[in-house]
Each structure stands twice: as structure tokens, then as C-alpha cells.
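Worksheet: the structure to be examined is printed underneath.
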Amino acid sequence: MKIFMDTANTEEIRKYADMGFVYGVTTNPSLVAKSGRTQADVIPEICSIVTGPVSAEVISTDCEGMLAEARKLAAIAKNVVVKIPCIPEGLKAVKVLASEGIRTNVTLVFSLPQALLAARAGASFVSPFVGRIDDIGGDGVGLVADIVEVFHNYGIKTEVIAASIRSVSHVNEVMLAGADIATVPTKILDKLLMHPLTTQGLEKFLEDYRNSQKA
Ligand code: G3P
């Protein structure tokens, strides 16, 4: 499973990109607003930090508007992926963009049929929202597992991005469910690397080293 960062904060992205495991980034209008910057300002910078896919979302809700936005976004950098909502106009746009070689990430996916239809329309990625499904009493990880199984059964190449990740357990579970990618908010990423036994073990090694130098 590849790790993406789910943020538009370039300071956070730089910090983690230096550790080598961040392959791509996903943003959405809420995350861009939270960064205090505009999409036009932040996306080129993110694309210069990571070499993998960087999702930038359209805000139009009609096919023509989405296409116009998507073409502008795709012109920013080779690694831009255009994020399109899973609505009928969105899938029309995905079909056209696929024929133009522009990669798309169909977002706000909450069901297995939505994922299948997005993939069949030509989406490069689909993003089931794990946490938001759990919020309404559903099984977000179960949906990821189902999509992975169906795509595997039918030889569908569309990659599954587990999105709306809210906990370390979500990351563990979507990994075991076979998600191609988990897009992880920074505050969860902070927790993934930490383990108290690593911290304690390192302290003890360093203490023993220092004591051996005194002897
Ligand atoms: O990748 C989608 C994600 O940003 C949504 O997360 O926590 O707002 O449901 P959340």
C-alpha cells in the first residue's frame, strides 16, 4: 500500500517528504481553505515536492465547467490528478478526460456501485471515504475491502485510495483490506511511526553506550 498525505499544508508535506515514504498527496477545497492559500498557489508547490500523483479538486458541478477546470489543473504539472465528485456530470467529465489522457480521482465514493461506475467511466483512482461512512454507522473499511475484491475479480486497473482516514486502526485495516493507497492526514501520520518500545529501546541503547564509554 502506498502512502499519500491528505493535506494542502506544504510545510507538513516537506517534513514528511524528506523521510521518503510519501508517494503522493490529496487535497480538497476544505483542505486548501485550511491552508490559508489558494489552489492556484498551493498545487504547483506540492507538485514540486512530491513526484507521485497530486489530487486537485474541481469546484464546478457541470461537465463543461469541470472539463475547463480539469484542463487548467492538468497543465500545472505532469503529476496533477484531477479530483472529480462521484455525480453523473462528474462521470461524464471523467470519460472525456480519460480520452485526453488526463488522470482523475473520483471522490466522495460511498458505495460499491459508485466505485464500479467511476472505474468503468475511466477513473484512474477512486476514493471511498472510510471515516465518513463510519460516522453514519456504516463499515468504511468493509467498503474498501469490497471495492478491492471487485476490482480484482474483474481485472479493473483503477487504484483504490482509502480516504477520510481518522485513526491508526483505519490505516492498519485498509492495508489488510488491500487498498492500493491510504491518504493520511498529518496528525495520523505523526502517530504511525511512533512506538513506545522504539523510544524506550533507543533510550536504553544510548544509555548503555554512554555507560560503556565511562568504564
Ligand atoms: O480525503 C478525503 C478526506 O479529506 C476527508 O476526510 O476526515 O473530512 O472525512 P474527512
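Below, each value reflects all heavy atoms present in this structure, side chains not excepted, and no hydrogens, waters or symmetry copies. Both ligands and their constituent atoms are indexed starting at 1 by order of listing. Since this is a predicted model, take the numbers as computed values, not measurements.
Ligand-side atoms of ligand 1 in range of F129: 2 (C), 5 (C), range being under 4.0 angstrom from any heavy atom. Per-residue contacts place A163 under 4.0 angstrom from the following atoms of ligand 1 (heavy atoms of the residue considered): 1 (O), 2 (C). Within ligand 1, counting atoms from 1 as listed, the ones closer than 4.0 Å to a heavy atom of R166 are 7 (O), 9 (O), 10 (P).
Using a cut-off of 4.0 Å between Lys/Arg side-chain N and Asp/Glu carboxylate O, K204 and E207 are scored as not salt-bridged. Look at E45 and R14 and you find a salt bridge, because one of the NZ, NE, NH1 or NH2 atoms lies within 4.0 Å of a carboxylate O, short of that distance.
For the side-chain contact (heavy atoms from CB on, under 4.5 Å) with N79, the qualifying choice from V54, V25, I46 is V54, the only one to do so.
Annotation: E100, atom CD; neighbour count of heavy atoms from other residues, nucleotides and ligands within 6.0 Å is above 12. Dense packing is recorded around CG of L192, with more than 12 heavy atoms of other residues, nucleotides or ligands lying under 6.0 Å away.
Considering backbone and side-chain atoms alike, R132 places an N or O below 3.5 Å from some N or O of ligand 1. Remark: ligand 1 and K83 share no N or O pair separated by less than 3.5 Å (distance only, no angle test).
In this structure, the side chain of T158 does not engage the main chain of F125 through any donor-acceptor pair within 3.5 Å.
Among protein heavy atoms, atom 6 (O) of ligand 1 sits closest to S164 CA, 3.4 Å.
Using a 4.0 Å cut-off between heavy atoms, T107 makes no contact with ligand 1 at all.
Distances from atom 4 (O) of ligand 1 to the heavy atoms of D135, I188, D6 show the closest one on D6.
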